Chemist: 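For reference, the structure I am asking about is given below.
Keep in mind that what you see is a predicted model, and the values were worked out from it rather than measured. Chain identifiers are assigned alphabetically (A, B, ...) following the order of the sequence lines, protein sequences preceding nucleic acid strands; residue numbering begins at 1 within each chain.
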Amino acid sequence: MSTLESAVTRFLAHEADLLDRQALEEWLALFDPDGLYWIPAAPGQTDPHGHVSLAYESHILRTLRVRRWRNAAALSLQQAPRTVRHLSNLLITETPEDETVRATASVLVAEYAREALQHYHSRTTWTLRPRDGRFSIALKRVDLINCDGALSDILVVL
Amino acid sequence: MSTLESAVTRFLAHEADLLDRQALEEWLALFDPDGLYWIPAAPGQTDPHGHVSLAYESHILRTLRVRRWRNAAALSLQQAPRTVRHLSNLLITETPEDETVRATASVLVAEYAREALQHYHSRTTWTLRPRDGRFSIALKRVDLINCDGALSDILVVL
Amino acid sequence: MSTLESAVTRFLAHEADLLDRQALEEWLALFDPDGLYWIPAAPGQTDPHGHVSLAYESHILRTLRVRRWRNAAALSLQQAPRTVRHLSNLLITETPEDETVRATASVLVAEYAREALQHYHSRTTWTLRPRDGRFSIALKRVDLINCDGALSDILVVL
Amino acid sequence: MRDPDLEELILPDRVHRRVYTDPHLFTLEMERVFRRAWLYVGHDSQIPEPGDYFATRLGSEPVLIVRQRDGGVRALANRCRHKGMQIAPDGARGRTSSFRCGYHGWLYGLDGALRAFPAAAGYKGAPVRAGHGDFGLDQGARVEAYRGFLFARLHKEGPSLAHWLGPLRSSLDNFVDRAPAGAVEVAGGVFRYRHKANWKFFVENTLDLLHPMVVHQSATRPAAALNAEHPDLSEADARAIAMLLPFEASYDFFEDMGQRGAPFGHGEVGNRLSMHSGYDLDKEYWASMVEAYGQDRAKEILAVSRSNSVLYPSIMFKAPVSLVRVVKPVAVDETVIETWHFRLKGAPDALLARNLHYSTLVNSCAGLVGPDDHEAYQRLQSGLAAQASDWVWLARHPGKEAPDAEGARAGPGSSDLVHRTMFAAWRDYMEAA
Amino acid sequence: MRDPDLEELILPDRVHRRVYTDPHLFTLEMERVFRRAWLYVGHDSQIPEPGDYFATRLGSEPVLIVRQRDGGVRALANRCRHKGMQIAPDGARGRTSSFRCGYHGWLYGLDGALRAFPAAAGYKGAPVRAGHGDFGLDQGARVEAYRGFLFARLHKEGPSLAHWLGPLRSSLDNFVDRAPAGAVEVAGGVFRYRHKANWKFFVENTLDLLHPMVVHQSATRPAAALNAEHPDLSEADARAIAMLLPFEASYDFFEDMGQRGAPFGHGEVGNRLSMHSGYDLDKEYWASMVEAYGQDRAKEILAVSRSNSVLYPSIMFKAPVSLVRVVKPVAVDETVIETWHFRLKGAPDALLARNLHYSTLVNSCAGLVGPDDHEAYQRLQSGLAAQASDWVWLARHPGKEAPDAEGARAGPGSSDLVHRTMFAAWRDYMEAA
Amino acid sequence: MRDPDLEELILPDRVHRRVYTDPHLFTLEMERVFRRAWLYVGHDSQIPEPGDYFATRLGSEPVLIVRQRDGGVRALANRCRHKGMQIAPDGARGRTSSFRCGYHGWLYGLDGALRAFPAAAGYKGAPVRAGHGDFGLDQGARVEAYRGFLFARLHKEGPSLAHWLGPLRSSLDNFVDRAPAGAVEVAGGVFRYRHKANWKFFVENTLDLLHPMVVHQSATRPAAALNAEHPDLSEADARAIAMLLPFEASYDFFEDMGQRGAPFGHGEVGNRLSMHSGYDLDKEYWASMVEAYGQDRAKEILAVSRSNSVLYPSIMFKAPVSLVRVVKPVAVDETVIETWHFRLKGAPDALLARNLHYSTLVNSCAGLVGPDDHEAYQRLQSGLAAQASDWVWLARHPGKEAPDAEGARAGPGSSDLVHRTMFAAWRDYMEAA
Ligand code: FES
Ligand code: FES
Ligand code: FES
Ligand SMILES: [Fe+3]
Ligand SMILES: [Fe+3]
Ligand SMILES: [Fe+3]
């Protein structure tokens, strides 16, 4: 495994660990200031403006999401969902022109809430920028296998 | 991780990516001309001829499978199943005598069709032949955890 | 990937393989004589004595578990459950003072019994001691996502 | 099927919990309400050309909605007349010149007539015949359009669509008039959102102006804080915040929005004032509206801001943000809500983008607003299973209603008048044996 | 249990959709059809020795099929007479000298008699007794064998197996006669295939010769193309293609295959001609047949090619490829089909390999043929939930039937005669109160 | 709801399988047994301070158990009186000064009175009123405590808790008297264990002394072998083995344990002798007991070893190891069992640790004992679906019973007397219309 692969693998395991431990404020800090968190609502969706998304969030909206998570009034979050996430099948491409790294992985987020397990399967793609020897996230794009299905609430960060 | 492990990991991630993206014709090209795709119907099945299999396919039959996938008349495929696959717990053994590499991994294929998720869990074993700096598949054997269970349709390539 | 990471990855894949192949006696031998197998019953549980656990087992109790597995009279095991386990998101920390390595991974154990699949998701942490060029297990701690849920039987070793 | 004791279930100021929890009543609803009411099925723009079709459900009944060669639309049975196979899977869509059943190849025309069947000689002496009649897919369902919106009704008899729409015709008009080109089209994708609760909770909730400030606090409080902390928000962020904050407007504001109930159970909230009435007006859009309608008429159109309009029982539409939410009952305690989005023809892309952004924030299953409503529905479902009380109260603002110019009855925004109106219609549908 | 209005459900040329969709009728079927008919349970070769047993279901009833010390077979209740525990899990099998209930250790003999129970003194004064009678597992079920095939019936009264098999005895004969040694044995594994549809769709489909060329096009078209593109296919590939192509034979071919219906709802398609009749004959096999039977008799045996034979309601068997498919109803809309394979004793391994290859291609849940049939069944289930029409037509080739030499009634291959025959028997079973 | 034919279901020496399998009877049980009996809800120590509460179920009814300002406890309806939302999710707990419904903000006091509702003016002229009455959460449920254990009953009328506890009061006393400080508190976590079987199997099994040596062999045999192989076990391992071995004590031992049945269906096994009576006595604990009670009384307390005591229908408690197992019926074939653990105040930590170790070994869903019981329940559920026999026998030791000093009826350990007692009470509850 190349140094880059190792570094990306470690970074993504770290991100997953933060999310599973619900260290959401630390997770926010992984992003570039203009970084985006995107869950398309259609397979292969290219346009976030001419088509709805399940989520399409700037720093401010991600912060809002995290604060809502911390808000005791949030009815749907009183269930205190937990996650364990599994990541594999990593493919990495470097795009030297803009000095970013594109990493795509299969991700399974297992969610437990209200006595029930939910499974979210996606191919997730991170556009990463090297920063201080680690990375920052320019774009995290989660392509859910059933993004256009009749889904019920996705309460957690994917 | 050894060079061999890295190379195999990358090759299997590539195969998985082709299957998830339904680039099935490209997937066909990964096999040796006399390569086999085998899903035994019994745990530890040794004999593909004296015992039924869930699938046991030569190049011609795999090609037939892929063309059927492309055939609009296929009733059961009008549901347009999608997959995301997860691979881990890779174990590799080299058998120098015939210059092949045996790789075994835990594979979870998540299938989405008709608004429902299905999970296929297997230990899958690839017998690989080094070819042009990559590999070709001599045998892909998928040992499903429930290969002898009362299964419903397996519509996708595992 | 560092040499340590590679070695741990291989060791954990080996342990998983033993468990999936139900080579349980070999699995017993992976532990230190005073090693522990622990499944807490509460998230973040710190105390195995002032709080119940789903399992908290010494060498003798693990051996009892394995012999019970081999005992034809065990009503609940007549279903002959099988597993495939998936491991990812590995994080490793070395604690040089006591010469152990702490490895945490996301683990999905898929269990098949009685025609049904069960999924056990955990963050599992191994405390490993280098031994003869490999490792021995001082503690295997399985933090199930739903450890405090209304679970049904967990028949297999996690 | 045995008749329910409707007079014990529906009282003037409350309804019995069984209307939400009894599986037998659900079956009856599918039979009576969802076969007798006009149900929204889609929009003209989804099937522009002859042979365009999609497979959907009218209540629990699978149908094919098909553009005819003469431009009309039919709702054919999606069920072969031979041995009964469902012809197209739910959700299928495309363009075709005929429907071929994939089991034995019976072939139907776009109009549903049986055109051909293989090895036809084998039916000599049997009643099987090509054409309409016993072996065609036309089941007598009615389809009518209003300004491009398609409605279907399984029951042959009943009021015309225009009559049935009644006072809310003007709200549909406003939906379309907001397009400089005077027409809308489906655009921007669809949300499909499943929850384990009776369909009526959603429908009633959309006209419930006492819940947003409570249920959606978890989004509005952080939104307000971020707004205060960041005086220099980007345009997109500022717009998002501006769409969230009205969910916690004052009780007086919601009261002033007003509401009205109409025949057949329809109703709506907001008129001049609504959660959308304070949005910034896009300059380019305004210019195109003025160009299309003249300044006065444009102003008049945009002054109407009916935030939530219900055509009972199947849709809630939001003219100010150009979307339609469609109710798909699955079981007594399971419902799918589809959200369809529309482009105002002649309006700039930015307007569509804003409306889609609204929906992403509010209607997505991973959004900041919808999940809390859904949690409420699901807790209503479990709460109403309790025997502690039998009643759901619709007692608010008794008698506070007055007829309006279009034949509806208007009341204060937080009234239960709209809910009483729904259940009066529900009872009517359920009674007609 | 309330009786159905059978005369409204079963008409001469059609049946009501409720026979496939009504859970109450399913319960009645388990009670009446599946307790009164002989049900296939397995084959002698599965339990060769005394004490060999397996746990299975007769309809919904759990039973232990047990080889007795005298060579007979019993179908014991798989349910302890003490507090009722199921003794062996469904699917269990093995060899034993007794059955011990794992809850309190009651011990039953192979014949079902209660042999012993721990701490027996505690039952002094109670009716609990060793032996047969109220505390044994024998429930009066009948078991009979025909040429090694085991059938069981829960109902004490009824026709003998041989009488019940009727004209299809000769088809079972042909199944076994195809073995040079005159006997078959279970071999090559079992498929268990689950689908969400009523059990009758499968049974009827196996005698439906109007569907293969439509449903299985997705396999036959690529097969034909590959066949054309590759003149030099390997033997195995050529054999696979040759087994797939007949699914799209001509309508005339299928008509010529013929069919016949028999008493008790049995029926079959194919006789001299079938989807299997064109297969290459393995030389070694032919030689062994000639040696065993002489050339004329061998030819006679192999000339019979009844592709699908149904012993209503529980199995379809295919003598030409030596397999039996068993119907396991689970719920009104759920069925498991088991496919059991057989070795012809005295035949070369290559023949078994060919037949297993056929099954892997056609009957596997991951195969190229089965999933499309299953999709059809599932769409029949959803289609028949629709109210658009109540009828499933069995009207093909009315009156086109003639008695054959064995007491069956024969018709053209694509007739619904076999389906009408099934429903006549179904009605008989359901009526006998 | 239609009444069952109780006299056909409950006979003196057996019960009909339908009492475990009929969904209609389950609904009636929830209605009659679980609303009329005192149900265990928890312990004083879970809600020490005013405003402490938790959300649980009484049968199928969601309730809030709330410590009042005056120290009392109420069981409020967990269901808003406005539109019916469940106020707190099942399992919620905490400390509060009021309950606010998250849908429209109605505010209830700790006593359940409606204190306030937003925009109250809108209810002018409507019956909605603050206070108790139609809009409060108090539903008349009774709550009483016995030595810190809290019981609730939904039905207003019925016996006092003390009367209802009857002879088993002394067993609860023993539970608490075992604490040197004369009080216990919840500690050490909770197990929640789900199985697909009727709730009564668990309850009856806990007083069934004929099953342990059979069902738990898979644990006791290896335990005995390891014990023999390892003469120098660690203290912890030796203790674990010592807790497992009694599961395979002799039939005589279990017979000698004895049992008794009491009014209202209660019962217990063990008294001086039990599976726990042979445990080593911790020295420090003994010293603290002597100090607290004096040697004679301490001995007396510890000599009582009632291993399993059932307060029908909702709990089984084990005074010797300080735990309570609570029955939560979910459906006719689904049950959750909660195991709650207790610290004996004034006793050393080692005693708690031992009792928790016992539970980890025996009651955990991943343990060495519980899964085999659960397998038995699940196979009872499937076995009793069979028609082979209708009866579950409770015939053991007929007539072998004698009144004891506390008004119970005592019999040999393996008798079905306790089970007959349960069903007599069950029938009483079910009959009272
Ligand atoms: S069911 Fe449609 S053609 Fe036969
Ligand atoms: S239930 Fe079989 S021995 Fe008791
Ligand atoms: S439902 Fe509780 S406040 Fe409205
Ligand atoms: Fe809302
Ligand atoms: Fe077919
Ligand atoms: Fe037990």
Chemist: Answer whether the closest heavy-atom distance between the side chains of F:Val362 and F:Met243 falls below 4.5 Å.
Modeler: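 F:Val362 vs F:Met243: side chains apart.
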Chemist: Check each atom of C:Gln45 against the heavy atoms of chain F and say whether the ones under 4.5 Å are side chain, backbone, both or neither.
Modeler: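 For C:Gln45, there is no contact with chain F at all, as no heavy atom is under 4.5 Å.
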Chemist: I'd like to know if the side chain of F:His211 reaches the main chain of F:Asp208, judged simply by a donor and an acceptor atom lying under 3.5 Å from each other, with no hydrogens or angles considered.
Modeler: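 It does hold such a pair.
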Chemist: Of the backbone (N, CA, C, O) and the side chain (C-beta and beyond), which part of F:Ala223 lies under 4.5 Å from a heavy atom of chain C, both, or neither?
Modeler: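 Its backbone and side chain both get close to chain C.
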Chemist: Which one, C:Leu64, C:Val157, C:Leu77, leads in non-hydrogen pairs under 4.5 Å with chain F?
Modeler: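 The option with the most such pairs is C:Leu64.
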Chemist: Which residue out of F:Leu226, F:Val336, F:Val214 racks up the most heavy-atom pairs below 4.5 Å with chain C?
Modeler: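 Counting heavy-atom pairs under 4.5 Å, the top option is F:Leu226.
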Chemist: Counting heavy-atom pairs closer than 4.5 Å to chain F, which one of C:Leu151, C:Val52, C:Asn71, C:Asp47 comes out on top?
Modeler: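 That would be C:Val52.
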Chemist: Is the distance between the ring centroids of F:Trp340 and F:Tyr40 under 6.0 Å?
Modeler: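 That pair fails the under 6.0 Å test.
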Chemist: According to the interplanar angle, ranging from 0 to 90°, do the rings of F:His195 and F:Tyr193 count as parallel (below 30°), tilted (30 to 60°) or perpendicular (above 60°)?
Modeler: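 Correct class here is perpendicular.
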Chemist: Go through C:Ile154, C:Asp153, C:Leu155, C:Leu158 and name the one with the most non-hydrogen pairs under 4.5 angstrom from chain F.
Modeler: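 Answer, by heavy-atom pair count under 4.5 Å with chain F: C:Asp153.
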Chemist: Which atoms of F:His230 come close to chain C, meaning under 4.5 Å heavy atom to heavy atom: side chain ones, backbone ones, both, or neither?
Modeler: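 Side chain of F:His230 only, per the 4.5 Å heavy-atom cut-off to chain C.
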Chemist: Taking every heavy-atom pair that is under 4.5 Å apart, which of C:Ser58, C:Ala150, C:Ala41, C:Gly50 has the most such pairs with chain F?
Modeler: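 Ranked by contacts with chain F, first place is C:Ala150.
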Chemist: Do the rings of F:His43 and F:Phe149 sit parallel, tilted or perpendicular, given the 30° and 60° boundaries?
Modeler: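 The rings of F:His43 and F:Phe149 stand perpendicular, inter-plane angle above 60°.
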Chemist: Please confirm whether the ring centroid of C:Trp126 lies under 6.0 Å from the ring centroid of C:Phe31.
Modeler: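 No; C:Phe31 has its ring centre 6.0 Å or more from that of C:Trp126.
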Chemist: With a 4.5 angstrom heavy-atom cut-off, is it the side chain or the backbone of F:Ala350 that approaches chain C, or both, or neither?
Modeler: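 Contact with chain C: none, neither part.
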Chemist: Find the one option among F:Ser364, F:Gly188, F:Ser234, F:Ala240 whose heavy-atom pairs under 4.5 Å with chain C are most numerous.
Modeler: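 The residue among F:Ser364, F:Gly188, F:Ser234, F:Ala240 with the greatest pair count is F:Gly188.
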Chemist: Against chain C, label F:Leu233 side chain, backbone, both or neither, depending on which of its atoms sit under 4.5 Å from a heavy atom there.
Modeler: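 The side chain, not the backbone.
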Chemist: Any side-chain donor paired with an acceptor under 3.5 Å for F:Ser359 and F:His341?
Modeler: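 A donor-acceptor contact under 3.5 Å links the two side chains.
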Chemist: Can you tell me which of C:Gly149, C:Ala42, C:Ala72 forms the most heavy-atom pairs within a distance under 4.5 Å of chain F?
Modeler: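 Option with the top pair count is C:Gly149.
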Chemist: Do F:Lys328 and F:Thr56 meet the criterion of a side-chain donor-acceptor pair at a distance under 3.5 Å?
Modeler: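 Yes, because at least one side-chain N or O of F:Lys328 sits under 3.5 Å from a partner of the opposite role on F:Thr56.
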Chemist: As a quick check of understanding, evaluate side-chain hydrogen bond (donor to acceptor under 3.5 Å, both in side chains) for C:His59 and F:Asp237, giving each step before the final call.
Modeler: CA-CA 9 Å; C:His59 172 68; F:Asp237 285 338; over 6 Å; no
Chemist: Based on non-hydrogen pairs under 4.5 Å, which of F:Gly91, F:Ala219, F:Ala187, F:Ala225 is most in contact with chain C?
Modeler: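 Greatest number of close heavy-atom pairs with chain C: F:Ala219.
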Chemist: Pick from C:Glu57, C:Arg114, C:Gln78, C:His49: which one has the most heavy-atom pairs with chain F under 4.5 Å?
Modeler: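 When all of C:Glu57, C:Arg114, C:Gln78, C:His49 are compared, C:Arg114 has the most.
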Chemist: Under a 4.5 Å heavy-atom cut-off, does chain C meet the side chain of F:Arg354, its backbone, both or neither?
Modeler: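 No part of F:Arg354 comes within 4.5 Å of chain C.
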Chemist: Between F:Glu338 and chain C, which part of the residue has a heavy atom less than 4.5 Å away: side chain, backbone, both or neither?
Modeler: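 F:Glu338 has no heavy atom closer than 4.5 Å to chain C.
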Chemist: Please identify which of these residues, C:Leu87, C:Ile92, C:Leu90, meets the side chain to side chain contact (heavy atoms under 4.5 Å, CB included) condition with C:Thr9.
Modeler: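 Among C:Leu87, C:Ile92, C:Leu90, the one that satisfies the side chain to side chain contact (heavy atoms under 4.5 Å, CB included) with C:Thr9 is C:Leu90.
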